[in-house]
> 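Right, I'll just put the structure down here and ask away after.
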Amino acid sequence: MNERKIPMQLIGLFDSPYVRRVAVSMRLQGFGFEHVALSVFRNQDEMRKLNPLVKVPMLVLDNGEKLIESSFILDYLDDIASAGKRLVPASGEERRRVLQQCAIALIGTEKAVQILYDTKLRPAEKTHAPWVERCKQQMHDAFGLMETQPASPVLSGAPITQADITSTVALAFAKYVHPAEFPAGCYPRLEQLSAFCEGLPAFIETPME
Ligand SMILES: N[C@@H](CCC(=O)N[C@@H](CS)C(=O)NCC(=O)O)C(=O)O
């Protein structure tokens with residue numbers, strides 16, 4: 001069992017897709033953690049004391065070591081996970097496939113975040129419409145590419161992978177922050193995967209809001 005005496009601390013809100021994918025993964029892998037629910041915007045000063053870079057997620061290990069960047073945090077967790085609990089296969093074609101699907105989902109996520117920051121954090125007159133349009137196009141291109149991937153094996157009973165988690169988290173986040181861009185049925189295969197994953201306890205226990 002991976003449960004530790006002093007729990008690891010996961011810093012950041014679950015409305016961050018990067019934090020949420022780490023939290024869901026930790027639950028699926030059986031790692032206990034204390035959730036430090038601080039916002040990079042509303043709790044900036046407090047956050048800076050924990051993480052001078054003011055970025056989330058941050059995972060504080062039980063020895064006090066601090067890890068940043070969701071992909072590298074997940075890589076560490078896979079490395080220490082017990083047998084059968086890895087979320088990215090250790091090697092080979094399957095590993096490459098899962099990581100590439102994560103990469104596409106992360107681009108969709110990144111573009112959704114950029115649109116949000118560019119339209120909500122700047123005064124309206126300082127928003128550059130062509131850049132926002134470009135990001136929207138790239139966001140949809142990424143989700144469109146995810147939609148064309150072969151159906152995930154998890155839907156036929158295979159173990160869940162990081163590709164399933166990151167794709168599901170990406171769609172939930174993008175829909176949440178840009179609802180008009182994602183009417184129901186616009187990415188039906190992805191929505192099917194998402195409905196399956198969001199029904200799992202690890203996702204239900206990690207709500208975005
Ligand atoms: N590539 C990073 C992205 C993390 C990220 O950008 N997190 C956002 C919250 S969704 C953040 O920290 N925003 C504050 C900022 O960029 O200053 C990862 O995967 O961990």
Side-chain angles (χ1 to χ4, degrees), residues 8-29 31 33-61 65-80 87-88 95 98-123 126-128 131-132 134-136 138-139 142-143 146 161-179 181-182 194 197-198 202-203 206-209:
M8 294 187 266
Q9 284 185 321
L10 178 61
I11 303 175
L13 300 179
F14 297 150
D15 66 0
S16 159
Y18 306 104
V19 178
R20 189 170 186 235
R21 80 184 186 119
V22 171
V24 166
S25 301
M26 291 183 82
R27 295 196 202 287
L28 286 165
Q29 292 178 308
F31 292 115
F33 66 92
E34 181 194 331
H35 183 212
V36 181
L38 291 177
S39 160
V40 278
F41 295 109
R42 292 187 300 282
N43 311 109
Q44 220 177 122
D45 295 339
E46 221 174 321
M47 181 68 81
R48 197 178 295 279
K49 286 181 205 148
L50 299 172
N51 176 5
L53 300 176
V54 199
K55 293 284 287 184
V56 293
M58 173 179 264
L59 185 69
V60 185
L61 305 187
E65 200 178 328
K66 294 173 169 181
L67 305 186
I68 53 170
E69 273 290 331
S70 61
S71 296
F72 301 140
I73 293 172
L74 292 169
D75 184 62
Y76 167 73
L77 294 171
D78 260 7
D79 194 35
I80 61 165
L87 295 168
V88 176
R95 174 178 174 82
V98 166
L99 286 176
Q100 279 304 300
Q101 290 190 354
C102 288
I104 300 166
L106 286 172
I107 290 173
T109 305
E110 175 194 322
K111 291 294 154 182
V113 171
Q114 284 180 344
I115 298 164
L116 185 71
Y117 287 0
D118 269 57
T119 54
K120 296 284 188 292
L121 296 183
R122 293 173 190 274
K126 293 199 172 153
T127 298
H128 186 54
W131 167 249
V132 173
R134 179 193 153 104
C135 288
K136 270 189 197 168
Q138 288 171 299
M139 176 177 76
F143 281 99
M146 286 150 81
T161 70
Q162 192 52 245
D164 302 315
I165 300 166
T166 300
S167 302
T168 298
V169 166
L171 184 65
F173 174 76
K175 275 169 92 164
Y176 178 65
V177 291
H178 307 301
E181 295 292 325
F182 293 88
S194 168
C197 291
E198 294 285 1
F203 282 82
T206 317
M208 275 195 54
E209 296 168 69

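Order of listing sets the numbers, starting from 1, for every ligand and every atom in it.
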> Answer side chain, backbone, both or neither: which part of F173 comes under 4.0 Å from ligand 1, heavy atoms only.
neither
> Counting both backbone and side chain atoms, is some N or O of S71 under 3.5 Å from an N or O of ligand 1?
no
> Pairs of nitrogen or oxygen atoms closer than 3.5 Å, one from R21 and one from ligand 1: do any exist?
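Between R21 and ligand 1, no N or O pair is found under 3.5 Å apart.
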> Please check if any side-chain donor atom of R21 sits under 3.5 Å from a side-chain acceptor atom of T206, or the reverse.
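No donor-acceptor contact under 3.5 Å links the two side chains.
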> Using distance alone, decide if ligand 1 has a nitrogen or oxygen within less than 3.5 Å of any nitrogen or oxygen in Y18.
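The answer is no, given that Y18 and ligand 1 share no N or O pair closer than 3.5 Å.
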> Between K49 and D45, is the closest basic N to carboxylate O distance under 4.0 Å?
no
> Using the ring of each side chain (for Trp, its six-membered ring), is F14 parallel, tilted or perpendicular to H35, with breaks at 30° and 60°?
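Ring orientation of F14 relative to H35: parallel.
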> Can you find a non-hydrogen atom of V56 under 4.0 Å from ligand 1?
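True for this residue.
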> Who's closest to atom 17 (O) of ligand 1 heavy-atom-wise, of V40, V54, T109?
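Among V40, V54, T109, the closest heavy atom to atom 17 (O) of ligand 1 belongs to V54.
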> Is there side-chain contact between V56 and L13, with heavy atoms separated by less than 4.5 Å?
no
> Give the numbers and elements of all ligand 1 atoms closer than 4.0 Å to a heavy atom of Y117.
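Result: 8 (C), 9 (C), 11 (C), 13 (N), 14 (C).
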> Near P57, which atoms of ligand 1 are under 4.0 Å from a heavy atom of that residue?
20 (O)
> Looking only at protein heavy atoms, which one is nearest to atom 15 (C) of ligand 1, and how far off is it?
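Protein heavy atom with the smallest distance to atom 15 (C) of ligand 1: K55 CD, 3.7 Å.
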